[in-house]
Chemist: 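After the structure tokens below, expect a handful of questions from me.
Every number for a ligand or one of its atoms is a count from 1 in the order of the listing. Numbering starts at 1 and runs along the sequence shown.
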Amino acid sequence: MKALVLRGHGDLSQLTIADVPAPTISTPRQVLIRLRAAALNHLDLWTVHGLPGLSLRFPHVLGADGAGEVEAVGAEVTAVRPGDKVMINPGIACYRCQTCDAGEHSLCPEYRLLGEHLPGTLAELIVLPEQNVLRIPDPPAPHPPITWREAAAYSLATLTAWRMLITRGRLEPGEVVLIWGVGGGVATAALKIAKLIGGFAIVTSSSDAKLEAARALGADVTLNHTQVDVAKEVREVTGKRGADLVLETVGEATWELSLRALARQGRLVSCGATTGPRVTTDVRRMFWYQHTIMGSTMGNLAEYREIVRLLGQGHLRPTVDSAFSLDDGIKAVERLERGKQMGKVVVDV
Ligand SMILES: [Zn+2]
């Protein structure tokens, strides 16, 4: 089958379109999916450059997000049938340990991500546990049907943002949330979730065009973080109170500003560190203002079902920035690396 593969860690010159062996069903609860679209995430760039502790067999198929048609199912599969149109939850758990039994799949000791630890979605075919696919929902009129591109673009970013805002951050209607770097997949999904539940969303970007697009998506306050002191502005627009919740995906470059932007008893949730992982925290502010600092990764199956249910009601549709053919898949990764996208970069398979 045709796939976008990584030949070794390094830079984008390690990417190529190749013919690789097609995967086959090997256990009774697996499904074989013929992919129709895949979507990129920042994770794909980390995988290209190499992560500590990550050892891959090359050539390695990239891509975490995808959607397609069920081609075949194992003997014990009950959730889907051949011909079903499905979207993929990219986080694969063992589904038999205590943590999985407790419903916390992204904390499973064997938790792995498609395209990072496992062969990914930038290919014609993929084999997955049946737990990792759900039928693409059909929203009621007047909402248009969910496209393959939207179904592929939805899962990783929306699931990550949902767990950060709702499960971990416990954002309540009327609360103030600060979201760094709108335009990225998680930040853009977070903005939509914040507005869906009635939060007050302050978003930042280095691009005025992205801030304008964020206003169209409902952002209440937009800040160009290259031009203003974000912590000071957050205090300014909240009557000195600060943000109840801060979503951190940036790390070193923003951490101290994030903490200074927090209200008394504010919560900071981190799911990434695109500018580096070593941050400085003044613990005096933390204990005096009774802040909570939390981590979050992906989400569990119940959270995934919930976000797909909301998609089926016409909510949280992903913003698709651009689409490329699989043959032009490397151009898609180049667009992601330049960071100019507003929403998701998609590959039609
Ligand atoms: Zn497990």
Chemist: Do side-chain atoms of K192 reach the backbone of R317 as a donor and acceptor pair under 3.5 angstrom?
Modeler: yes
Chemist: Please check this pair: side chain of N224 against backbone of T226, looking for a donor-acceptor N/O pair closer than 3.5 Å.
Modeler: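 Flag set: sc N224 to bb T226 pair under 3.5 Å.
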Chemist: What count do you get for protein N, O or S atoms closer to the Zn ion (ligand 1) than 2.8 Å?
Modeler: 4
Chemist: Checking side chain to side chain contact (heavy atoms under 4.5 Å, CB included) for the pair V333/L15: CA distance, chi angles, key distance, verdict?
Modeler: CA-CA 9 Å; V333 185; L15 295 173; 3.9 Å; yes
Chemist: Look at D348 together with R149 and state whether they make a salt bridge at an N to O cut-off of under 4.0 Å.
Modeler: yes
Chemist: Hey, does the side chain of S106 reach the backbone of M298 with a donor-acceptor pair shorter than 3.5 angstrom?
Modeler: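 Here the side-chain-to-backbone pair does not exist.
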Chemist: So H105 and Y95, would you call those rings parallel, tilted or perpendicular, with 30° and 60° as cut-offs?
Modeler: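 Answer is tilted, since the angle falls between 30° and 60°.
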